[in-house]
Number of protein chains: 2
Amino acid sequence: MQDGMVAARLREFEELCRQKGLPVTMQRRVILEAVLQRDDHPTADQIYEAVQEHIPQLSRTTIYRVLDAFVDLGIIRRLHQTGAARFDGKINRHHHVVCVHCGKIVDLEDRNLDQLSPPKGKLQGFKIDDYSVQFSGTCPDCQKRQE
Amino acid sequence: MQDGMVAARLREFEELCRQKGLPVTMQRRVILEAVLQRDDHPTADQIYEAVQEHIPQLSRTTIYRVLDAFVDLGIIRRLHQTGAARFDGKINRHHHVVCVHCGKIVDLEDRNLDQLSPPKGKLQGFKIDDYSVQFSGTCPDCQKRQE
DNA sequence: CTCCGTGCAAAAGGTTTGCACTGGT
DNA sequence: ACCAGTGCAAACCTTTTGCACGGAG
């Protein structure tokens with residue numbers, strides 16, 4: 001992400017914090033900057049490494065807590081649920097609806113979605129076996145819990 | 001999955017084993033059956049629970065090893081990489097190409113894929129926020145490693 | 001008979017939690 | 001000054017590994 005964009009996102013973050021009355025700490029600024037500056041989908045540990053040069057005493061615990069907070073604020077995304085791996089006995093092409101709160105996954109069969117054509121020449125040399133569409137949102141149970 | 005289908009998949013599995021000279025053990029049959037019988041994308045631990053009533057002394061270690069073997073054989077799928085969570089600073093709609101071997105994730109921007117319409121009435125009461133398409137395959141590095 | 005598959009126990013990640021302290025507002 | 005944010009250490013959960021045994025081919 002280019003510097004100008006990173007700066008814009010940082011300002012956006014600070015404004016969001018002011019709106020919600022959340023303190024803007026050095027740690028949060030530095031961690032957010034680290035996530036925005038890379039486009040390789042870093043792990044918590046990679047962020048930890050990256051941040052060391054700015055705040056050497058920053059702890060992993062804080063990384064985890066701050067990243068969580070950012071995901072809740074909606075300013076970054078978690079690419080997949082942490083916790084146990086899940087397995088699927090269905091091996092035909094199909095799609096999923098995932099609850100971002102509890103991790104529940106339900107199958108979605110849809111003919112239209114089965115026939116997407118992979119964009120030519122954008123796949124960076126990957127040999128593609130298959131694809132699947134993931135809809136993300138909130139399941140009925142978690143909707144109730146939020147009310 | 002209906003019983004007939006489960007039985008068919010089991011036969012398919014046994015034939016595959018015979019082709020490859022792999023022993024068909026009781027453990028593998030029972031674990032495969034357990035995965036095929038449910039459509040809720042179980043974790044290794046849930047399979048462990050389910051299998052207890054058939055072979056009480058079956059260990060978690062075996063569950064993990066057998067599930068791995070099944071994924072390699074291509075008769076079941078792992079729904080997401082195990083290991084560390086990954087974070088993404090990009091929050092606009094975009095898509096991913098994922099290497100099933102090393103877990104590398106690269107971004108894919110494609111206008112056509114940005115305009116899919118969620119199928120009406122199939123979303124089981126989920127409130128959908130967004131979606132993304134995931135292409136899965138083998139990255140250039142892992143292709144080299146395989147040669 | 002020979003191996004591969006299995007079980008147990010221990011180690012290895014990765015993440016979360018309890019508690020005391022620090023630092024933003 | 002108050003309360004949320006932070007750091008440390010320990011707990012926790014999931015997965016992997018080393019080694020010895022037993023059953024499948």
Side-chain angles (χ1 to χ4, degrees), chain A residues 10 13-32 34-35 41-52 54-73 75-76 78-87 101-103, chain B residues 13-32 34-35 41-52 54-73 75-76 78-87 100-103:
Chain A
L10 271 167
F13 161 66
E14 285 171 10
E15 177 150 358
L16 192 57
C17 285
R18 254 176 271 122
Q19 278 176 25
K20 306 220 170 194
L22 298 174
V24 180
T25 62
M26 207 40 165
Q27 285 88 334
R28 291 190 188 160
R29 286 193 50 110
V30 168
I31 293 173
L32 181 53
V35 178
H41 318 282
T43 63
D45 206 64
Q46 289 173 318
I47 298 296
Y48 177 73
E49 294 292 340
V51 150
Q52 288 302 74
H54 296 99
I55 312 183
Q57 71 279 19
L58 201 157
S59 75
R60 277 191 175 75
T61 307
T62 298
I63 302 280
Y64 283 109
R65 279 195 281 230
V66 169
L67 287 175
D68 265 5
F70 288 172
V71 171
D72 281 351
L73 282 174
I75 57 180
I76 69 172
R78 189 192 298 279
L79 284 192
H80 50 70
Q81 289 299 119
T82 136
R86 289 169 174 278
F87 296 87
H101 298 100
C102 68
Chain B
F13 161 66
E14 285 171 9
E15 178 149 359
L16 192 58
C17 285
R18 254 176 271 123
Q19 277 177 25
K20 306 219 170 195
L22 299 174
V24 180
T25 62
M26 207 40 165
Q27 285 87 336
R28 290 189 188 158
R29 284 193 52 109
V30 169
I31 293 173
L32 182 53
V35 178
H41 317 283
T43 63
D45 205 62
Q46 289 172 317
I47 298 296
Y48 177 72
E49 295 291 340
V51 150
Q52 287 302 74
H54 296 100
I55 312 183
Q57 71 278 20
L58 202 158
S59 74
R60 277 190 174 75
T61 308
T62 298
I63 302 280
Y64 284 110
R65 280 195 281 230
V66 168
L67 287 175
D68 265 5
F70 287 172
V71 171
D72 281 352
L73 284 174
I75 56 181
I76 68 172
R78 189 192 299 280
L79 283 192
H80 50 70
Q81 289 300 120
T82 136
R86 289 169 173 279
F87 296 87
V100 295
H101 298 100
C102 68

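Keep in mind that what you see is a predicted model, and the values were worked out from it rather than measured. A, B, ... follow the sequence lines: proteins, then strands. Residue 1 opens every chain.
At whole-Å resolution of the value, OH in A/Y48 and P in C/dG14 are 14 Å apart. If you take CD1 of B/I63 and P of C/dC8, they are 12 Å apart, rounded to a whole angstrom. Nucleotide D/dG5 holds its P atom 11 Å from the CD atom of A/Q27, rounded to whole Å. As a whole-Å value, the separation of A/R29 CZ from C/dG24 P is 13 Å. The distance from atom CZ of A/R60 to atom P of C/dG14 is 9 Å, rounded to the nearest whole Å. The nearest whole Å value for the distance from the CD1 atom in B/I55 to the P atom in D/dG23 is 13 Å. For B/L73 and C/dC4, the CG to P distance is 16 Å, given to the nearest whole Å. A straight line from NZ of B/K20 to C1' of C/dC4 spans 16 Å, rounded to a whole angstrom.
Atom-to-atom distance recorded for A/T82:OG1 and B/H80:NE2 is 8.5 Å, nearest 0.5 angstrom. Interatomic distance, B/Q57 CD to B/Q27 CD, rounded to the nearest 0.5 Å: 7.5 Å.
Dashed line: the shortest gap from a side-chain N or O of B/T25 to OP1 or OP2 of C/dG5 is not under 4.0 Å. Applying the 4.0 Å criterion to OP1 and OP2 of C/dG14, one finds that A/T82 has every side-chain N and O outside that range. Considering only side-chain N and O atoms, A/S59 lies nowhere under 4.0 angstrom from the phosphate OP1 or OP2 of D/dC8. Contact check, B/Y64 against D/dT15: a side-chain N or O comes under 4.0 Å of OP1 or OP2.
In this structure, the side chains of A/D45 and A/R60 come closer than 4.5 Å at one or more pairs of heavy atoms. The side-chain heavy atoms of B/I76 and B/L32, taken from C-beta on, include a pair separated by under 4.5 Å.
Contact detail for B/A44 and B/Y64: the closest heavy-atom pair is CB-CE2, 3.5 Å.
Residue whose closest nucleotide on DNA chain C sits further toward the 5' end, between B/P23 and A/M26: B/P23. Between B/T61 and B/R28, the residue whose closest nucleotide on DNA chain C is further toward the 5' end is B/R28. Of the two residues near DNA chain D, B/T43 and B/G21, the one whose nearest nucleotide lies more 5' is B/T43.
Which of C/dG5, D/dT17, C/dC19 sits closest to the side chain of A/R65 comes down to C/dC19.
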